[in-house]
J.: 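Have a look at the structure that comes next, please.
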2 protein chains.
Amino acid sequence: LVSLRGVSRSYGSPPTVALSHVDFDIDRGEMLAIVGPSGSGKSTLLNLIGTLDRPSTGDIHIDGHDTGAMSDSELSALRAFAIGFVFQQYHLAEGVSAVDNVATGLLYSGVPASERRARAAIALDRVGLSARAHHRPQELSGGERQRVAIARAVVGEPALILADEPTGALDTRSGAAVVSILADLNASGTTVVVITHDHQVAERMPRQLGIRDGELVGDRRVGDL
Amino acid sequence: LVSLRGVSRSYGSPPTVALSHVDFDIDRGEMLAIVGPSGSGKSTLLNLIGTLDRPSTGDIHIDGHDTGAMSDSELSALRAFAIGFVFQQYHLAEGVSAVDNVATGLLYSGVPASERRARAAIALDRVGLSARAHHRPQELSGGERQRVAIARAVVGEPALILADEPTGALDTRSGAAVVSILADLNASGTTVVVITHDHQVAERMPRQLGIRDGELVGDRRVGDL
Ligand SMILES: Nc1ncnc2c1ncn2[C@@H]1O[C@H](COP(=O)(O)OP(=O)(O)OP(=O)(O)O)[C@@H](O)[C@H]1O
Ligand SMILES: Nc1ncnc2c1ncn2[C@@H]1O[C@H](COP(=O)(O)OP(=O)(O)OP(=O)(O)O)[C@@H](O)[C@H]1O
Ligand SMILES: [Mg+2]
Ligand SMILES: [Mg+2]
């Protein structure tokens, strides 16, 4: 589903190199964790896979499409249709209720407004937030905002879910519930990529990609020695 | 140092009760963790202790002062002088470099500008970010921003440090380094209160205060059965 070849990403001058020499594939239906120290390039990599950013060098193919040959509006359509993103900083719409924030995850699904809200309410319930459906982000705790971001990313059941530290603000129990949601989606065919510092989360992923100082340093699958 | 009696905090109408029936003391020089599920009231409690918020009912005394009898400017002066805060959402100054963000932690210390910057550079080095001193927050990773927020809170060596999930975005190694910094400060007399979901952090604290649904449910000290 996703293929990276010779990918690098640098910023500024003199350049800060965030990623270099990245080559790997993600098959449709896989579930994997990206792990590594703070500042090692994980979010940069996820943003590139999610077409929210373009590489400085190299090629990224998604479902056979060469993203480097696609315009910004074509990439935007691809994302809306196929990719669900949980951001490290959540990026919820301020002043919009939790349920309406989640409903935006269905905006391009062809689903009518009333049904979007009903499905958003179900998704919110799955992350334990029915009692907070009408709170706006500024009226929610950190972990509640994170769970709204997760519900929004999964409600449209996109083909590819990219989650940046989705349990970072959660206690063990809430975090385990989130991993269950992702595992359920993966069982029904969704490709799931999770950045995590949480060992409990990482060890439930069948594959783990390690990053250090912007380079891939490991690619382990369950069953490898 | 800190004393809470009959403290509660509610929002809105009909009211959402974030905290109720809170009674406890923190002695000068203590180090404790506040633990509990997402949405249980931990950040609300920390903000009340840090005088960033006022309770709906009850009294909060800091160093013998009744905060309820103090004006906003008096509270502001108390905070500037005595309290270092690591926010769950960091709240760094956008467009200001990492080292200058840290230096703002010394603004009320009477230290001249050149010395503030020198001390800020040392604090930044302690959290492993010397190579990112001139990056602005939008040019930093999530965990790097968190570490800048930590350095800013500790650089002025305030009497009381309140840290809201200070390792939430950090890998094990960076997180352990942060706990060491807090433990060192505590060893030299600083009172440290840490909200954490991280068991590794919580178990290094001599005292653990549990919260669930806005109420205190446990107060354990190392050595208790
Ligand atoms: N401005 C507000 N209006 C209404 N409810 C609020 C407001 N701020 C917080 N709350 C509610 O108060 C409760 C406690 O919030 P708090 O931020 O203290 O939780 P927390 O324990 O820090 O959670 P987390 O671990 O997720 O950060 C939450 O259920 C939240 O929805
Ligand atoms: N706009 C930018 N300009 C310059 N450097 C940047 C910029 N954005 C990120 N970086 C740098 O690129 C490196 C990788 O950042 P990235 O956000 O991918 O790290 P990460 O692995 O997600 O870290 P964390 O675990 O802390 O979230 C970091 O060292 C960061 O300072
Ligand atoms: Mg990151
Ligand atoms: Mg909180």
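Worth saying up front: this structure is predicted, and the values here are computed from it rather than measured. Letters A, B, ... are given to chains in the order of the sequence lines, protein chains preceding strands, and every chain is numbered from 1.
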J.: Would you say CZ of B:Arg5 has more than 12 non-hydrogen atoms from neighbouring residues, nucleotides or ligands within 6.0 angstrom?
T.: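 Enclosed: over 12 neighbouring heavy atoms sit under 6.0 Å from CZ of B:Arg5.
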J.: With only heavy atoms counted, which part of A:Ser43 is less than 4.5 Å from chain B, the side chain, the backbone, both or neither?
T.: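 Contact with chain B is absent: no heavy atom of A:Ser43 under 4.5 Å.
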J.: State whether the number of non-hydrogen atoms from other residues, nucleotides or ligands found under 6.0 Å of A:His21 atom NE2 is greater than 12.
T.: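 Atom NE2 in A:His21 is not packed in, count stays at 12 or less.
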J.: Which answer fits B:Gln88, side chain, backbone, both or neither, if we ask what part of it has an atom under 4.5 Å from a heavy atom of chain A?
T.: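 Side chain of B:Gln88 only, per the 4.5 Å heavy-atom cut-off to chain A.
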J.: On a heavy-atom basis, which atom in A:Thr16 and which in B:Arg132 lie closest, and how many Å separate them?
T.: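 For A:Thr16 and B:Arg132, the tightest heavy-atom pair comes out as CG2-NH2, 3.6 Å.
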J.: Looking at B:Gly168, is its backbone amide N or carbonyl O close enough to the side chain of A:His197 to form a donor-acceptor pair, meaning the two atoms are under 3.5 Å apart?
T.: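 Checked: no pair found.
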J.: Name the residue from A:Asp171, A:Leu140, A:Val127 that meets the side-chain contact (heavy atoms from CB on, under 4.5 Å) definition with B:Ser38.
T.: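 The side-chain contact (heavy atoms from CB on, under 4.5 Å) with B:Ser38 is passed solely by A:Asp171 among A:Asp171, A:Leu140, A:Val127.
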J.: Within a radius of less than 6.0 Å around CG of A:Asp213, do more than 12 heavy atoms belonging to other residues, nucleotides or ligands occur?
T.: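 Open.
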J.: For B:Arg212, does the CZ atom have more than 12 heavy-atom neighbours from other residues, nucleotides or ligands under 6.0 Å away?
T.: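 No, not enclosed.
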J.: State, with a plain yes or no, whether a side-chain heavy atom of A:Arg145 is found less than 4.5 Å away from one of B:Gln89.
T.: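 Sidechains of B:Gln89 and A:Arg145: in contact.
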J.: Above 12 or not: heavy atoms from other molecules or residues under 6.0 Å from CD of A:Glu139?
T.: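 Count over threshold, so yes.
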J.: Between B:Ser40 and chain A, which part of the residue has a heavy atom less than 4.5 Å away: side chain, backbone, both or neither?
T.: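 For B:Ser40, there is no contact with chain A at all, as no heavy atom is under 4.5 Å.
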J.: Of the backbone (N, CA, C, O) and the side chain (C-beta and beyond), which part of A:Thr44 lies under 4.5 Å from a heavy atom of chain B, both, or neither?
T.: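 Looking at A:Thr44, nothing touches chain B.
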J.: Could you tell me which of A:Pro37, A:Ala131, A:Gly36, A:Ser174 has the largest number of non-hydrogen atom pairs under 4.5 Å with chain B?
T.: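 Result: the option with the highest number of such pairs is A:Pro37.
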J.: Look at A:Gly41, A:Ala169, A:Gly175 and state which one has the largest set of heavy-atom pairs under 4.5 Å with chain B.
T.: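 Highest number of heavy-atom pairs under 4.5 Å: A:Ala169.
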J.: Give a yes-or-no answer on whether the side chains of A:His199 and B:Thr172 include a donor-acceptor pair shorter than 3.5 Å.
T.: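 A donor-acceptor contact under 3.5 Å links the two side chains.
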J.: With a 4.5 angstrom heavy-atom cut-off, which part of B:Tyr90 approaches chain A: side chain, backbone, both or neither?
T.: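 B:Tyr90 touches chain A through side-chain heavy atoms alone.
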